[in-house]
Amino acid sequence: MTRIYDCSVDEEYTTGMRLARSAIGRGALVVIPTDTVYGVAADAFNPEAVQKLLDAKGRDRQSPPPVLIPGIPTLDALAENVPQPVRDLVAAFWPGGLTVVLTAQPSLVWDLGETRGTVALRMPRNKVALDLLAETGPLAVSSANTTGKPSAIDAAGADDMLGGTVAVYLDGGVAGLDYEAIGDRPGDTSSTIVDATGFDTNGGKLVIVRNGVISRAAIEAVIGEALAPVAEQ
């Protein structure tokens with residue numbers, strides 16, 4: 001039976017983190033808390049591990065996972081031609097509930113699925129997640145649920161859906177409590193996703209492709225007219 005490690009207990013936190021690092025290193029899956037929802041994580045540079053993640057969720061390669069990163073400097077290592085409005089947004093909302101879709105660095109040796117040369121990046125505001133990312137580097141992380149079901153907001157809920165497909169569960173308490181559930185789905189505390197991949201061809205606009213915990217008004221307050229009007233999204 002997969003063990004759930006309570007990260008509020010020092011001894012379990014230490015053991016759980018050690019086992020999580022080991023699991024990522026051997027290509028296994030780990031469930032981690034983030035500031036929005038729980039995520040199921042895999043080594044972003046291990047194609048077999050990423051495929052395990054997709055299989056566990058019941059997804060195909062047409063739904064590539066986002067990538068969580070440990071800090072803003074990693075943004076330029078993984079994405080190219082980052083527009084200034086994106087830099088303004090991550091300065092305002094990272095770490096936090098904002099995911100940005102950018103053109104991936106062409107030199108990256110990874111296979112996240114059918115990304116069409118893009119990558120979705122986020123720096124989460126959660127100590128457990130950031131501690132693990134500091135040790136492992138970027139992780140492919142998707143919400144810890146099977147496709148079609150609500151995102152898990154605690155480790156037990158993730159375990160109910162993903163069970164033994166995951167090697168280690170890190171329990172950091174209930175996720176999403178610092179946010180208002182203002183996204184597209186009732187009660188959902190998922191991140192807001194902003195797409196910048198058309199910036200050079202659409203007149204310098206960013207497009208909200210999923211409404212989440214960072215409101216449209218908050219984004220517009222930072223980047224103004226660089227946010228595409230609703231009618232164009």
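Please read all numbers here as calculations on a predicted model, not as lab measurements.
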Starting at CZ of Phe93, measure out to CG of Asp88 and round the result to the nearest 0.5 Å. 10.5 Å

If you round to the nearest 0.5 Å, how far is CG of Asn46 from CZ of Arg26? 12.0 Å

Pairwise side-chain contact, Leu19 with Arg3, heavy-atom cut-off 4.5 Å (strictly under): no

If Ile, Leu, Val, Met, Phe, Trp and Tyr residues are connected whenever their side-chain heavy atoms lie under 4.5 Å apart, and connections chain through other members, are Leu102 and Ile208 in the same group? yes

Atom CG of Asp184: over 12 foreign heavy atoms under 6.0 Å: yes

Mind checking whether Val86 and Met123 sit in one hydrophobic cluster, side chains of I, L, V, M, F, W, Y counted as touching below 4.5 Å? yes

side-chain hydrogen bond (donor to acceptor under 3.5 Å, both in side chains) against Glu114, all qualifying residues, sequence neighbours excluded: Arg61

Please find the pair of heavy atoms, one from Leu170 and one from Ala20, that lie closest to each other, and give the distance. CD1-CB, 4.0 Å

Can any side-chain N or O of Thr192 pair as donor or acceptor with the backbone N or O of Ile214 at less than 3.5 Å? yes

Is the shortest side-chain heavy-atom distance between Leu54 and Pro65 below 4.5 Å? yes

Hydrophobic cluster identity match, Val174 and Tyr179, side-chain contacts under 4.5 Å: no

I need the minimum non-hydrogen distance between Pro64 and Leu112, along with the two atoms involved. CB-O, 3.2 Å

For Ala144 and Val40, the nearest pair of non-hydrogen atoms, with its separation, is CB-N, 3.9 Å

Determine whether Gln51 and Asp111 satisfy the following criterion, side-chain contact (heavy atoms from CB on, under 4.5 Å), listing intermediate values before the conclusion. CA-CA 9 Å; Gln51 188 60 52; Asp111 182 4; over 6 Å; no

Is the shortest side-chain heavy-atom distance between Glu12 and Thr15 below 4.5 Å? no

Taking atom CD as the centre, does Gln62 end up with more than 12 heavy-atom neighbours from other residues, nucleotides or ligands that are less than 6.0 angstrom away? yes

Quick check: closest heavy atoms across Leu75 and Leu121, and the distance to 0.1 Å? CD1-CD1, 3.7 Å

Salt-bridge test for Asp35 and Arg122: reply yes if a basic N is under 4.0 Å from a carboxylate O, no otherwise. yes

Run the numbers on Asn202 and Val207 for side-chain contact (heavy atoms from CB on, under 4.5 Å), then give the verdict. CA-CA 10 Å; Asn202 68 5; Val207 179; 4.3 Å; yes

Check: Lys57 side chain, Asn145 main-chain N or O, donor-acceptor pair, under 3.5 Å: yes

Does the distance from a Lys or Arg side-chain N to an Asp or Glu carboxylate O, for Arg87 and Asp76, drop under 4.0 Å? yes

Non-hydrogen side-chain atoms of Ser143 and Ser190 separated by less than 4.5 Å: no

CD on Glu80 to CG on Leu108, rounded to 0.5 Å: 9.5 Å

Least distance between heavy atoms, Ala228 atom then Lys205 atom: CB-CB, 3.9 Å

Interatomic distance, CG@Leu177 vs OG1@Thr189, rounded to 0.5 Å, equals 8.0 Å

Pair listing, side chain to side chain donor-acceptor pair (under 3.5 Å) test, anchored in residues 92-109, at least two apart: Thr99-Ser191

One pair to check against side-chain contact (heavy atoms from CB on, under 4.5 Å): Thr34 and Leu68. What are the steps and the verdict? CA-CA 10 Å; Thr34 78; Leu68 295 190; 4.1 Å; yes

Could you point out which residue of Val101, Asp195, Ile219, Leu89 forms a side-chain contact (heavy atoms from CB on, under 4.5 Å) with Leu206? Leu89

Quick one: OG on Ser215 to CD on Glu220, what's the gap to the nearest 0.5 Å? 9.5 Å

Indicate, with yes or no, if Ile153 and Val213 share a hydrophobic cluster defined by side-chain heavy-atom contacts under 4.5 Å among Ile, Leu, Val, Met, Phe, Trp and Tyr. no

Considering only heavy atoms from C-beta outward, does the side chain of Leu139 approach that of Ile24 to under 4.5 Å? yes

Any donor-acceptor pair under 3.5 Å from Thr74 side chain to Pro70 backbone: no

Would Leu98 end up clustered with Val37 when hydrophobic side chains under 4.5 Å apart are linked, directly or stepwise? no

Is it true that a side-chain atom of Thr201 and a backbone atom of Gly198 form a donor plus acceptor pair closer than 3.5 Å? yes

Is it the case that over 12 heavy atoms from other parts of the model lie below 6.0 angstrom from the CD atom of Glu225? no

Could you give me the CA-CA distance, side-chain angles and deciding distance for Trp110 and Val119, then say whether side-chain contact (heavy atoms from CB on, under 4.5 Å) is met? CA-CA 11 Å; Trp110 63 10; Val119 62; 3.7 Å; yes

Non-hydrogen atoms of Pro85 and Ile223 that approach each other most closely: O-CG2, 3.5 Å

Donor-acceptor under 3.5 Å (Tyr38 side chain, Gly172 main chain): yes

For residues 129-137, dump all side-chain donor-acceptor pairs below 3.5 Å to protein atoms at least two apart in sequence or in another chain.
unit_1, atom_1, unit_2, atom_2, d
Asp131, OD2, Tyr13, OH, 2.2
Asp131, OD2, Lys127, NZ, 2.6
Thr136, OG1, Leu132, O, 3.1

Are the side chain of Lys52 and the backbone N or O of Gly27 linked by a donor-acceptor pair below 3.5 Å? yes

Could you grab the distance from atom OG1 of Thr165 to atom CG of Leu53, nearest 0.5 Å is fine? 9.0 Å

Do the side-chain N and O atoms of Tyr5 and Arg18 include a donor-acceptor pair separated by under 3.5 angstrom? no

Quick one, Leu162 and Tyr169 - any side-chain contact, counting heavy atoms below 4.5 Å? yes

Kindly say whether Asp10 contributes a backbone atom to a donor-acceptor pair with the side chain of Thr14 at under 3.5 angstrom? yes

